J.: 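Okay, handing you the structure first.
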Amino acid sequence: MRHVIIGAGAAGITAAKTIRACEPGAEIVMISADTHVHSRCMLHKYLSHERDERRLSFVPEDFFEEQKITWISGKRASHVWTKTHNVQLEDDTVISYDKLLIATGADSFIPPVGDFRKARNVFGLRHLEDAKQIDEVAETAERVLIVGSGLVGLDAAYALLERGKDVTVVEMADRILPIQLDETAGKTYQKLFEEAGCKFLLGRKASNTVMDQTGSIRKVILDDGREISCDLVIVAAGVRSAISCVESGEIAADRFIQVDEYMRTNCPDVYAAGDVAGLSGIWPNAMKQGQTAAYNMCGRKVQYLDRYAMKNTMNFYGVTTLSLGKGAAEEGDEVVICEDSRSYKKAVIRDGKLDSILLQGNMDYSGVYQYLIKNQVDISEKKDRIFALSFGDFYGIAPDGQYDYQI
């Protein structure tokens, strides 16, 4: 049996390890545009020079040899021909498969603002190659403009502030980290970034650019007419699933490759996992999807059930934050807030169940809250002490005398 995996990220690597464990004698071929396995969550540490290529990897150096995996690196898959069970690479090499997993992830989205898509000093930050290009330009750049204040944008800002750069962040929302945090939690980080020298322009968006004769953008014009001078632009305005290899139309896809609960596509023997499947953008879920796909590729019928993706963690300047759920209260919701000099906590309770929670500074019992949200446990009788709950609150005694969760 030949298993072919396109992509060497969290989903692809986990799938490869799972296949090897299930089928010790199977042939595994991995194809990736990347030449180094790396964690995209750590790319900002490459920009700050805290880590090099080797220390971005999340697998041992001898991973492919030890797992007996053929790795075709530095090449993109251009087409998947499902009727002939072939993958065609950009150099026209053809790789046949018995089972195929597409785990190509996602790419940065560069909006069509001015010359953003043409300029030589405008980058997203999604892959190691992006980080390398940014790092090269940053050697001589002093003024950095970052479009978007989500996690990727602030990671980039943090890294370049560490290198002494003049950093400005433009955000169209009225606060930073608008998807992950509320105003109070966002302001905590904004203050810390500003103390480190970062400037924020909130409620504004880029509308045009001024590019010089070398093909570099030197000014970004905002929607209020202000002009921001810059030597380097990083766009952190979202991502798009990397589905170019399935554009022949055989594999059903719109914004994402469509999969069922077994991570199967509409084509026999073809599976998809990770960002390209659109189920979740967080690392643990991508790993679980890769594992689930691998089990099914090996003939074990396993469903992917963990579709909960509303989780974000961050740590800037020593302040840790976890947000679970959408965080936005609706009419009829009960909002409970607890704040002191060391922490900020906010819970949204809907119909007697915990809908979302935000913890900043104190992460105690975060596992409990995640379980309550994911499993929609009724906490009506316990909501008055929502910030003091532990798993012990849900213990009971089963008929056989054993401890049992009463949920």
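Worth saying up front: this structure is predicted, and the values here are computed from it rather than measured.
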J.: Report the residue from I357, L359, T313 that forms a side chain to side chain contact (heavy atoms under 4.5 Å, CB included) with S366.
T.: L359
J.: Which pairs with one or both residues in residues 93-115 pass salt bridge (Lys or Arg N to Asp or Glu O under 4.0 Å), sequence neighbours excluded?
T.: K99-D269, D115-K118
J.: List in chain and number order the residues that pass side-chain hydrogen bond (donor to acceptor under 3.5 Å, both in side chains) with R204, two or more places apart in sequence or in another chain; answer none if no residue qualifies.
T.: D223
J.: Would you list the pairs meeting salt bridge (Lys or Arg N to Asp or Glu O under 4.0 Å) in which at least one residue belongs to residues 56-77, sequence neighbours left out?
T.: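 Sorted pair list: K75-D91.
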J.: With sequence neighbours excluded, give me every salt bridge (Lys or Arg N to Asp or Glu O under 4.0 Å) pair touching residues 25-38.
T.: R2-E27
J.: Could I get the full list of ring pair (Phe, Tyr, Trp, His ring centres under 6.0 Å) partners for F64, not counting sequence neighbours?
T.: W71
J.: For E334, enumerate each residue passing the salt bridge (Lys or Arg N to Asp or Glu O under 4.0 Å) test, keeping only those at least two apart in sequence or located in another chain.
T.: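 E334 satisfies salt bridge (Lys or Arg N to Asp or Glu O under 4.0 Å) with K383 once adjacent residues are dropped.
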J.: So that I know where these two stand, are F387 and Y365 an aromatic pair - ring centroids less than 6.0 Å apart?
T.: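 F387 vs Y365: aromatic centres not under 6.0 Å.
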J.: Tell me which pairs pass salt bridge (Lys or Arg N to Asp or Glu O under 4.0 Å) where either residue lies in residues 4-25, with sequence neighbours left out.
T.: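 For residues 4-25, and leaving out neighbouring residues, there are no salt bridge (Lys or Arg N to Asp or Glu O under 4.0 Å) pairs at all.
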J.: Would you give me the side-chain donor-acceptor pairs under 3.5 Å for residues 231-244, sequence neighbours excluded?
T.:
from, atom 1, to, atom 2, distance (Å)
D231, OD1, R143, NH2, 2.9
D231, OD2, E142, N, 3.1
D231, OD2, R143, N, 2.9
D231, OD2, R143, NE, 3.3
S241, OG, D275, O, 3.0

J.: Should Y317 and F193 count as side-chain neighbours, where that means a heavy-atom distance under 4.5 Å?
T.: yes
J.: Under the rule for ring pair (Phe, Tyr, Trp, His ring centres under 6.0 Å), what residues qualify as partners of F58, not counting sequence neighbours?
T.: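 In terms of ring pair (Phe, Tyr, Trp, His ring centres under 6.0 Å), with neighbours along the sequence ignored, F58 is linked to W283.
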J.: Ignoring hydrogens and angles, write down the donor-acceptor pairs under 3.5 Å from the side chains of residues 146-160, residues two or more places apart or on other chains.
T.:
from, atom 1, to, atom 2, distance (Å)
S149, OG, E171, OE1, 2.8
S149, OG, L177, N, 3.3

J.: If the condition is ring pair (Phe, Tyr, Trp, His ring centres under 6.0 Å), which residues does H85 pass it with, not counting sequence neighbours?
T.: Y97
J.: Flag the pair V122 / M211 as yes when at least one side-chain heavy-atom distance between them is below 4.5 Å, and no otherwise.
T.: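 SC-SC contact between V122 and M211 ruled out.
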J.: For H127, check ring pair (Phe, Tyr, Trp, His ring centres under 6.0 Å) against everything at least two apart and list the hits.
T.: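 If we apply the ring pair (Phe, Tyr, Trp, His ring centres under 6.0 Å) test to H127, skipping adjacent residues, there are no hits.
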